[in-house]
Structure formats: structure tokens, C-alpha cells
Protein chains: 2
Amino acid sequence: MTPSHIHVPTDCRTVTEILSRVGDKWSVQVVVQLGGEPKRFNELRRDVGGISQRMLTLTLRGLERDGLVTRKIYPTIPPRVEYRLTELGCSLLNTVRALGSWAIENRDHILEARRRFDEATGHGPGADGA
Amino acid sequence: MTPSHIHVPTDCRTVTEILSRVGDKWSVQVVVQLGGEPKRFNELRRDVGGISQRMLTLTLRGLERDGLVTRKIYPTIPPRVEYRLTELGCSLLNTVRALGSWAIENRDHILEARRRFDEATGHGPGADGA
DNA sequence: CCGCATCCATTTTGATACTG
DNA sequence: CAGTATCAAAATGGATGCGG
């Protein structure tokens, strides 16, 4: 054991991969919305706001795949599907909230930095991914 | 910006926007690499590994714009440019590390959930497009 | 050594329409 | 109501060559 190969750090790759879920446009918002009560598809769609049906489906699938969310189907008419955070999902919610707090606390700081930067360069917002 | 006709939760929008910096493919890695010592461009490039010059430039610019990183130029020959985390950058590093810990702790859990999900659906990895 | 610009491929997202 | 399919647009990432 202990493959001393200097190969790629397995952990880093995985971490990055998992982080990318947090980084995508909607996952975090969905998780947060699911934080209190379980919700139904269109309920979630309303609450998140601005998300397309397609993206909500995709996001939910991804979350479900990672074991962060469970899907419960009630065979009623009309169909009712409820999404709920798993324990794992809840633990992520906590961590994500920390990040959210950081973002809120430093929002002004960052916005100010951006404004100054943009002003100094003359360019409009043309920076990286954000 | 700031569409005044809809009272979108200002915080959420901003938080999401800031989170997207954390979510992109490289920012986190660069921040982590800059965590200990300030580094030079190509030094950083080597340490991150797999990042293209373009992406490193873009990432660094974005980080600089947000006030997370500072760029210091030494007018020597050949030119020497050093990147260093700001205080704000350091505080982000801490938060990010928490998320990283979460990812590492739950890596197996998630990987297992994925495996099960993929098996159950028969589909290969075709879930959410992160 | 630093890093910008251009071209190109892949990935991601959104609009719309349709099914159970 | 919940979910899928298709299509086109946009953002993102990478390779390469040029200039300070």
C-alpha cells in the first residue's frame, strides 16, 4: 500500500469535483431553500426565482445523485413530488452557510474593491468567471 | 444594475455572485496555493498544475479585482511579479478550508451515493452539469 | 519572465414545446 | 404538476503566437 507515486493528489481532485457542485449557479440556492422544510418542485422553482425548469430538474438530479437530497413521490393526482435534504445535505448546508456569512460580511468590501479596480482599469466588468 | 422593480433578495444575489468565484475551476486552488507564501506567476503555475497561462491570468485578475489578492511588481530584469493574499483573501481561505474539510470528510459518502445512483438508473455519469 | 490577444472546442444554460 | 427533448446562445477553458 501507500503508493508513493507522486501522481495526482487524489483528494484534491475529488475536493475540486465536489466543490464544483457548490460552485454551480443553482445548487447552493436549492440547498438553502430546502433548508427549512421539504418542498415540491414548483414551489422550489418559485422560491429560487429565475431558475428554468430544465435547470431545476438538472440541479435536483445532481443533488440527488450525490446523496444530498431525496425525492419522494406521492402517487396522487395530480402528482406530488417532495424534495428533502438528507443528513448529508444538512451538514453541507451548515458549511455553506458559513461561506454565505463570509460573503455577506465582506460583500461591501468586495464590491468596493471591484468598483475601484474597474475604475482604475477603465474597463467595465470583464474579469474572470464571476 | 440593481433592478429596482423586483425586490430580489439583494443579499442572495450577491452571495451567489461571490460564491461563483469559489466555484470556478481554479480560484480556490490558487487561493490555497497562495495561502502560505506569496508566489510568482510561473511558480504558481507549476504549483497549481494543469492550469493554462490564460486561465491563471484570468483567475488572478478576478481575484485581484475582488480584493483577495495583490499584485506586486518588481521592475527588475527579467520582470518579477509577486502575488499575495490580502487579509480578505486570508479570511476566505479559512472558510474555504472548512468547505474542503467537509468535502474530504464526506468524500466516500458522496462517491458511494453516486455509484449507487448511477447503478440504479443504469445511466453512466450524466447527472447535473455542475 | 510576465501576460495579452486570437482562434477554436467543449460545456453550460435557457427558451420552447410536448408527454404522463 | 412533474419531467423530458431539442435547439440555439453564451460562457468557459485551452493552445499558440506576439510583445514588453
Side-chain angles (χ1 to χ4, degrees), chain A residues 13 16-17 19-30 34 38-65 69-84 117 121-130, chain B residues 16-17 19-30 34 38-65 69-84 121-130:
Chain A
R13 284 189 61 85
T16 299
E17 192 185 343
L19 245 43
S20 72
R21 166 142 334 287
V22 173
D24 80 48
K25 204 172 176 180
W26 304 111
S27 291
V28 169
Q29 289 188 65
V30 169
L34 248 29
K39 290 182 181 177
R40 301 174 53 182
F41 189 89
N42 280 326
E43 195 178 353
L44 211 38
R45 191 178 170 190
R46 273 190 302 277
D47 292 345
V48 170
I51 190 173
S52 67
Q53 195 179 38
R54 172 195 157 83
M55 276 302 111
L56 182 53
T57 300
L58 252 34
T59 301
L60 250 12
R61 279 280 180 285
L63 257 18
E64 195 191 348
R65 184 166 102 104
V69 159
T70 56
R71 186 166 78 137
K72 186 167 185 184
I73 305 170
Y74 298 85
T76 59
I77 294 182
R80 175 191 183 87
V81 182
E82 236 178 42
Y83 293 91
R84 175 191 297 266
F117 185 90
T121 58
H123 299 69
D128 168 31
Chain B
T16 299
E17 192 184 343
L19 246 42
S20 71
R21 166 142 335 285
V22 174
D24 79 49
K25 202 173 179 181
W26 305 110
S27 291
V28 169
Q29 288 187 65
V30 169
L34 248 29
K39 290 183 181 176
R40 302 175 53 184
F41 189 88
N42 280 327
E43 195 178 356
L44 210 39
R45 191 177 171 191
R46 274 189 301 276
D47 293 345
V48 170
I51 190 172
S52 67
Q53 194 182 38
R54 171 194 158 85
M55 279 302 111
L56 183 53
T57 301
L58 252 34
T59 301
L60 249 14
R61 278 281 178 285
L63 256 20
E64 195 191 347
R65 185 166 99 103
V69 160
T70 56
R71 187 167 78 137
K72 186 168 186 184
I73 306 170
Y74 298 85
T76 59
I77 293 182
R80 175 193 181 86
V81 182
E82 236 177 43
Y83 293 90
R84 174 193 297 267
T121 59
H123 298 67
D128 173 18

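Chain identifiers are assigned alphabetically (A, B, ...) following the order of the sequence lines, protein sequences preceding nucleic acid strands; residue numbering begins at 1 within each chain. All values reported here derive from a predicted model rather than from experimental measurement.
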Let's go through B:Val28 and A:Thr16 carefully: what are the C-alpha distance in whole Å and the side-chain angles of both, what is the deciding distance for side chain to side chain contact (heavy atoms under 4.5 Å, CB included) to 0.1 Å, and is it a yes or a no?
CA-CA 9 Å; B:Val28 169; A:Thr16 299; over 6 Å; no

Could you walk me through whether B:Leu60 and B:Leu44 pass the side chain to side chain contact (heavy atoms under 4.5 Å, CB included) test, one step at a time?
CA-CA 10 Å; B:Leu60 249 14; B:Leu44 210 39; 4.0 Å; yes

Stepwise, does the side chain to side chain contact (heavy atoms under 4.5 Å, CB included) test hold for A:Lys25 with A:Thr59?
CA-CA 9 Å; A:Lys25 204 172 176 180; A:Thr59 301; over 6 Å; no

Would you give me the side-chain donor-acceptor pairs under 3.5 Å for residues 45-55 of chain A, sequence neighbours excluded?
from    : atom 1 : to      : atom 2 : distance (Å)
A:Asp47 : OD2    : A:Lys39 : NZ     : 2.7
A:Ser52 : OG     : A:Met55 : N      : 3.2

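Under the rule for a side-chain contact (heavy atoms from CB on, under 4.5 Å), the partners of A:Ile73 that lie at least two apart in sequence or sit in another chain are A:Arg71, A:Val81. Considering only residues two or more places apart in sequence or on other chains, A:Asn42 meets the side chain to side chain donor-acceptor pair (under 3.5 Å) condition with none of them.
A:Val22 is not listed as a side-chain neighbour of B:Val22, based on a closest heavy-atom distance of 4.5 Å or more. For the pair A:Leu58 and A:Trp26, the minimum side-chain heavy-atom distance is 4.5 Å or more.
Across the protein-nucleic acid pair, B:Arg45 atom CZ and D:dA15 atom C1' stand 10 Å apart, rounded to whole Å. When rounded to the nearest whole Å, the span between NZ of A:Lys39 and C1' of D:dA2 equals 17 Å. Regarding B:Met55, its CE atom lies at a distance of 11 Å from the C1' atom of D:dA15, rounded to whole Å. Atoms CD (A:Glu82) and P (D:dC1) sit 15 Å apart, rounded to a whole Å. To the nearest angstrom, C1' of C:dT12 lies 13 Å from NZ of B:Lys25. Nucleotide D:dG13 holds its C1' atom 14 Å from the CD atom of B:Gln29, rounded to whole Å. For the pair B:Asp24 CG and D:dG13 P, the computed distance is 6 Å after rounding to whole Å. Residue A:Glu64 contributes atom CD, which lies 13 Å from atom C1' of D:dG3 at whole-angstrom precision.
For the helix from C:dC1-D:dG20 to C:dG20-D:dC1, the rotation axes defined at the first and last 5 base pairs enclose an angle of 40°, given to the nearest 10°.
Listed by first then second residue, pairs satisfying salt bridge (charged side-chain N to carboxylate O under 4.0 Å, His left out) with a partner in residues 73-82 of chain B read B:Arg80-B:Glu82, not counting sequence neighbours.
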Protein-to-nucleotide contact annotation, 5' to 3' order, nucleotides 1-8 of chain C [B base; S sugar-phosphate only; - none; under 4.0 Å, heavy atom]:
BSBB-B--

